[in-house]
Number of protein chains: 2
Amino acid sequence: MSPSSASKTPTIQDVARRAGVSAATVSRALSAPEKVSDSTRAKVTEAVEATGYAINQAARSLRMREARTILVAIPNMGNPFYSTIMDSVVREATLRGYGVLVANRVGNDPTQWLRDYFSSNRADGLLLFDASLELGHLPEPPRQKGLLPLVLSCDEIIDGGFNLVMTDNRAGAERATRHLIDQGHTRIGHICGRLVHQFPNERLLGFQDAMRKAGLPIRQDWLFPGDHSMVAGVDAGDRFLALSDRPTALFCANDESMIGFLSRTRAHGIECPRDISLVGFDDINIAENYWPPLTTMRQPRNELGRVATATLIDILEGTAPSGEGLRIVLPSELIVRSSTAPLPATRQAVGL
Amino acid sequence: MSPSSASKTPTIQDVARRAGVSAATVSRALSAPEKVSDSTRAKVTEAVEATGYAINQAARSLRMREARTILVAIPNMGNPFYSTIMDSVVREATLRGYGVLVANRVGNDPTQWLRDYFSSNRADGLLLFDASLELGHLPEPPRQKGLLPLVLSCDEIIDGGFNLVMTDNRAGAERATRHLIDQGHTRIGHICGRLVHQFPNERLLGFQDAMRKAGLPIRQDWLFPGDHSMVAGVDAGDRFLALSDRPTALFCANDESMIGFLSRTRAHGIECPRDISLVGFDDINIAENYWPPLTTMRQPRNELGRVATATLIDILEGTAPSGEGLRIVLPSELIVRSSTAPLPATRQAVGL
DNA sequence: GTGAAAGCGCTAACAC
DNA sequence: GTGTTAGCGCTTTCAC
């Protein structure tokens with residue numbers, strides 16, 4: 001395979017020598033083909049193939065002061081919702097010639113661990129999944145050189161200055177809740193997502209919107225705290241079981257907490273949708289094959305990942321529309337399966 | 001924040017100037033503190049903090065000919081099994097000072113996409129999850145300079161030369177099947193994992209081991225083809241439903257295909273474990289909260305990710321035991337939940 | 001359209 | 001122990 005006797009990986013010099021041109025010309029032929037004559041380009045192309053040359057990214061990064069790499073920060077990689085997004089992120093980034101680095105928070109300085117990636121020239125931009133974890137700690141101003149955060153897919157409310165790509169959480173939550181109302185339910189509760197400093201997030205707001213518009217009361221004891229995890233759903237199930245006066249339907253901030261709730265309550269004889277109707281959010285892979293199949297708001301995860309990545313790279317390359325507090329909102333979609341059912345007329349009559 | 005008026009990110013020269021030493025000394029103080037006097041070290045430390053210096057990885061990589069980065073190749077990132085492993089991979093790598101790059105296959109040359117990462121000096125080593133996708137295409141010899149593959153968590157059978165970190169798939173599969181046998185089942189089938197070139201994989205082998213030892217027949221029409229996906233499980237469900245003579249229990253190559261199977265067959269009135277007992281493999285997060293809660297072989301996913309990463313880095317740094325066809329096998333564990341039940345005596349009596 | 005030369009920030013010989 | 005020097009492989013003026 002290796003053409004020359006030297007076992008080193010070929011450099012641009014090797015290509016240049018073989019093509020009978022200078023290294024500068026090879027560089028140009030590769031990154032700006034139009035600046036080079038046809039014959040030269042052909043010679044270089046041949047030489048590249050013959051030598052098996054691949055660019056040394058480290059050298060390029062050093063010289064160009066850019067890593068051609070984006071950093072993806074995920075709070076909880078095990079979450080199936082995020083892991084699916086990752087797929088489209090990596091795909092889009094690869095297509096555009098960017099590498100994808102993954103970061104976990106390690107250590108206890110919430111600022112430093114992200115910052116280091118940039119100051120050490122390892123990444124040019126940041127894709128932050130789920131704002132709750134880090135947003136408050138991000139260095140100011142957020143858009144300082146080399147730190148271009150792009151937040152996506154959070155249901156928290158983000159104050160300006162950050163570039164966002166997200167689903168229409170509030171409208172989606174309202175749609176989900178309305179589905180319950182349309183089915184005749186009036187006694188409706190909510191398993192909440194993460195609340196930052198007790199502030200309502202977008203999905204809670206959407207839930208409230210729907211309830212208010214329908215003239216339905218929002219009962220505090222039917223508002224279950226949560227954090228998008230399955231155990232939060234299990235906890236909500238416990239609280240539900242302890243209730244003397246129970247709702248007949250629940251809007252869950254995401255599918256995982258819904259699954260936790262279902263699992264716990266079913267173990268205590270509560271049947272869904274016979275005894276309780278549930279709508280979730282996300283439409284994770286398993287939603288369709290759970291029992292019962294989950295009614296849920298589908299987020300366009302592939303689009304989310306693709307658009308966020310494309311936008312970030314556009315910003316990095318200076319081709320983004322503006323780069324100033326961009327806000328791209330993608331629509332969600334109600335997927336009706338079997339975890340919701342009309343409230344039986346009998347129960348409706350007696351006010352249950 | 002920025003101490004000097006220049007807005008550039010500080011270099012090692014800035015630190016040197018501030019500490020009143022040479023750049024070489026700063027470099028030494030940082031990477032080999034024992035080679036430098038106490039007082040110098042103190043001055044350098046102070047200067048680093050004052051300037052907010054962070055090393056430029058691109059420059060370091062260029063100079064050292066190593067990227068301090070590992071590449072993780074995952075065939076299907078959406079799979080909850082893999083995404084959980086990723087978490088421990090990133091954690092361990094970060095602890096050891098390595099970055100984690102994620103790769104997806106893009107384009108159609110199965111060799112090139114991985115190779116490029118190394119020849120371009122972007123990654124020093126490879127963590128290959130699931131061998132089926134790429135192993136046959138990996139360049140030979142596999143352990144050529146700069147290409148140190150480490151394969152983990154595949155249930156395929158890998159011929160030597162690769163470094164493996166994996167679960168005891170064969171023994172685990174045998175254990176799972178034995179659990180079914182212990183419950184009185186004799187009519188047992190299997191939803192297969194990926195078969196490479198029709199060769200039995202380790203889990204199929206383990207299934208066969210258990211059946212053979214128990215003197216039970218392995219029926220071809222109860223061996224359902226699969227690929228670890230949920231739809232494969234759904235397909236298996238269809239085949240099962242079409243059977244005139246059905247097994248009473250199934251060992252599923254993984255939890256996801258088990259879930260697909262459950263979902264499809266339940267929609268047709270088959271109740272688990274009343275009508276069929278099922279054991280899976282993996283113990284994915286949702287296994288506990290599925291309905292019924294899944295009996296399954298737990299893989300030590302965190303350990304898998306941690307050990308694989310640690311081993312890879314050990315190899316890269318030359319501190320691994322050998323680096324020659326290493327094979328680390330981690331134990332799996334039977335988790336009994338509710339998807340399996342003893343075969344009712346009545347059905348047993350009539351040979352069902 | 002192409003080449004020569006400089007330099008990105010770092011580390012490793014080699015002096016002292 | 002510490003400084004000086006060279007050079008990793010690339011891109012980019014600046015000449016021609």
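Letters A, B, ... mirror the listed sequences (proteins, then strands); counts begin at 1.
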### Query
Taking the side chain from B/T309 and the backbone from B/G305, do they hold a donor-acceptor pair closer than 3.5 Å?
yes
### Task
Only counting residues at least two apart or in another chain, list the ones meeting side-chain hydrogen bond (donor to acceptor under 3.5 Å, both in side chains) with B/E303.
B/R306
### Message
Can you see if the side chain of A/S22 gets near the phosphate of C/dT2 - specifically, an N or O under 4.0 Å from OP1 or OP2?
### Response
no
### Summary
Those residues at least two apart in sequence (or on a different chain) that pass side chain to side chain contact (heavy atoms under 4.5 Å, CB included) with A/R63 are none
### Query
In chain order, what residues pass the salt bridge (Lys or Arg N to Asp or Glu O under 4.0 Å) check against A/R41, with sequence neighbours excluded?
A/D38
### Query
What one-letter contact string describes nucleotides 7-16 of chain C from 5' to 3', where B marks a base within less than 4.0 Å of any protein heavy atom, S marks contact via sugar-phosphate atoms alone, and - marks no contact?
BBBBBBB---
### Message
Tell me the bend of the helix from C/dG1-D/dC16 to C/dC16-D/dG1 as the angle between end helix axes, each from five pairs, rounded to the nearest 10 degrees.
### Response
30°
### Task
Taking heavy atoms of chain B and a 4.0 Å limit, find me the 5'-most and 3'-most nucleotide of DNA chain D within that range.
D/dG1 to D/dG9
### Query
For A/E46, what residues pass the salt bridge (Lys or Arg N to Asp or Glu O under 4.0 Å) criterion, not counting sequence neighbours?
A/R18
### Message
Tell me every residue that passes side chain to side chain contact (heavy atoms under 4.5 Å, CB included) with A/T40, counting only those two or more places apart in sequence or in another chain.
### Response
A/V21, A/T25, A/V36, A/S37, A/V44
### Query
Are B/I85 and B/R301 close enough, and set up right, to give a side chain to side chain contact (heavy atoms under 4.5 Å, CB included), and what steps lead you there?
CA-CA 5 Å; B/I85 289 189; B/R301 281 175 292 175; 4.0 Å; yes
### Query
Got a second to check how far A/L71's CG is from A/Y117's OH, nearest 0.5 Å?
6.0 Å
### Task
Just jot down the side chain to side chain contact (heavy atoms under 4.5 Å, CB included) partners of B/E49, sequence neighbours excluded, or say none.
none
### Message
Apply side chain to side chain contact (heavy atoms under 4.5 Å, CB included) to residues B/F129 and B/N79 and explain how you reach the verdict.
### Response
CA-CA 11 Å; B/F129 287 48; B/N79 186 317; over 6 Å; no
### For B/R28, all residues meeting salt bridge (Lys or Arg N to Asp or Glu O under 4.0 Å), sequence neighbours excluded
none
### Qualifying residues under side-chain hydrogen bond (donor to acceptor under 3.5 Å, both in side chains), relative to A/T69, sequence neighbours excluded
B/R122
#### Entry: Near-strand residues of residues 39-48 of chain B, defined as heavy-atom separation under 4.0 angstrom from DNA chain C
none
